[in-house]
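This report refers to the structure that appears directly beneath it.
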Amino acid sequence: MNRIFLDVHALQTVPPSNLNRDDTGAPKTAVYGGVPRARVSSQAWKRAIRTYFRDEHLLDPAELGVRTKKVVELLADRIAGLDPSVERETALNLADETVKAAGFKTEVPKRKADQAKKDGSPTPAPESKYLVFLSSRQLDGLARLALDGAADITAFLKTKENKARAKELADTRHSVDIALFGRMVADVADINVDAAVQVAHALSVHRVDNESDYYTAVDDENTDEETGAGMIGTVDFNSATLYRYAALGVHQLAANLGQGLRDDEPRTEPVRRAVEAFVHAFVASLPTGKINTFGHHTEPDAVVVKLRTTRPISCVAAFEDPVRSDGGGHLREAADRLAAYASDVERAYGDPETTLTWVLRVGPATQKLAELGTETGTLRELAAAVGQAVTERLEKPA
């Protein structure tokens, strides 16, 4: 298969906010170019992307997965959904045995077991020892397998054939989010999935120093004689123009997805849907840390997407020398630098014969970026154009 990469670059300005906190509650930071920068971790934005898939209905629920330790309860629900006559305790036992046959270790958490013993309540359902990432179709397959062996699930799953079937069901028909972000299972390395996408930590293009907001809360029931605050506290924040970047290996995505949602559809169709959903969600998603406190609802000021066959190239080095505001903000200088650096990188390392570029931008400050490629009017148009180009590339002979 042809090697195909998508580079997605974005400039996004956020007002005072705390999108992604460290262990002290302060916004995460990093030193780059010798100065402190605002930082939003890769994990925080990937979580936001996965949530956006679901909340905005970008994909069919059958094309999404669930990452949870409560996989036994989740599978028991699927079993009961397929056969409502199965009692809850029986469904949990079937699910637990099937999950273990697939290679995932389970146990009843000690804290929950002790609490149940103290309360005199039933023993809680087993949980996996780590987060298990399974697609909707994988859960359905495992539920059907469990029902096939319901008469004696232990003996049924002891056979070599059925144990192999359980592992196979957990390692085929991956969801889009598993195909994109990968899956690591330490105990069952042969069902690991290599991630197709790499999401960089978002960094401010300029120096940032965290600030602290001192606040008070008044007790509504205080009398006139009762003065002072009912609560006093502080919350750390910063504001920044962020450079965001992700690299998507379309060929890896296609390999991970394998068979499509519908057996009769072209192999490229699920890849197109996944690419369009990822471009849309990467651009529009937003981590929600302290969002009720700061209401930091912004969209990127500019997005540049490149489809290439060489290798992914980040343009973060455009901001290694931090942008310095002259009192007029950071966005215009950041957009100018990104436009110039992206052009220089393409001249030195790109392949103009095979590289395609699209630009989505807002406002006059981002005008320079229009010179990089084809402008699109809306995010949906951008995603659709990229999806169509990816389909055409996939259909070309290797």
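Just so you know, residue 1 is the first one in the sequence shown, and it goes up from there. Given the structure is predicted, the values throughout are model-derived calculations rather than measurements.
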Test: Glu168 and Arg165 ion pair at under 4.0 Å: no
ILVMFWY clustering at 4.5 Å (side-chain atoms), partners of Phe133: Ile178, Val193
Verdict with reasoning, Glu346 to Arg308, per salt bridge (Lys or Arg N to Asp or Glu O under 4.0 Å): CA-CA 10 Å; Glu346 287 301 326; Arg308 61 173 73 253; 2.4 Å; yes
Distance in Å, Thr293 OG1 paired with Asn18 CG, rounded so as to fall on 0.5 Å steps: 8.5 Å
Pairing of Glu276 and Arg272 as salt bridge, 4.0 angstrom limit: yes
Listing, residues 111-121 side-chain donor-acceptor contacts under 3.5 Å, not counting sequence neighbours, or none:
| unit_1 | atom_1 | unit_2 | atom_2 | d |
| --- | --- | --- | --- | --- |
| Lys112 | NZ | Glu127 | OE2 | 2.5 |
| Asp114 | OD2 | Lys110 | NZ | 2.8 |
| Gln115 | NE2 | Asp119 | OD1 | 3.1 |
| Gln115 | NE2 | Asp119 | OD2 | 3.1 |
| Ser121 | OG | Ala116 | O | 3.4 |

Shortest non-hydrogen contact from His280 toward Leu379: CD2-CD2, 3.6 Å
Shared-cluster residues of Ile232, by chain and number - hydrophobic side chains joined below 4.5 Å: Tyr214
Side-chain ion pair, Arg39 and Asp22, N-O less than 4.0 Å: no
Stepwise salt bridge (Lys or Arg N to Asp or Glu O under 4.0 Å) test for Asp77 and Arg88: CA-CA 9 Å; Asp77 291 341; Arg88 181 63 177 172; 2.7 Å; yes
Phe104 side chain near Val71 side chain, heavy-atom distance below 4.5 Å: no
Thr241 side chain to Gln12 side chain, donor-acceptor N/O pair below 3.5 angstrom: no
In residues 45-57, what donor-acceptor pairs under 3.5 Å come from side-chain atoms, sequence neighbours left out?
| unit_1 | atom_1 | unit_2 | atom_2 | d |
| --- | --- | --- | --- | --- |
| Trp45 | NE1 | Ser285 | O | 3.3 |
| Trp45 | NE1 | Ser285 | OG | 3.2 |
| Thr51 | OG1 | Arg47 | O | 3.0 |

Plane angle bin for Phe237 and Phe294 - parallel if under 30°, tilted between 30 and 60°, otherwise perpendicular: tilted
Residues clustered with Val316, ILVMFWY side-chain links under 4.5 angstrom: Leu11, Tyr32, Leu203, Val205, Tyr243, Tyr245, Val304, Phe319, Val323, Leu331, Leu338, Val359, Leu369, Leu372
Flag for Thr354-Thr309: side-chain donor and acceptor within less than 3.5 Å: yes
Validation row: Ile291, His296 side chains within 4.5 angstrom (heavy atoms): yes
Partner set under side chain to side chain contact (heavy atoms under 4.5 Å, CB included) for Thr106, not counting sequence neighbours: Val72, Asp96, Val99, Lys100, Pro126
Val8 reachable from Phe5 in the ILVMFWY side-chain graph, under 4.5 Å edges: no
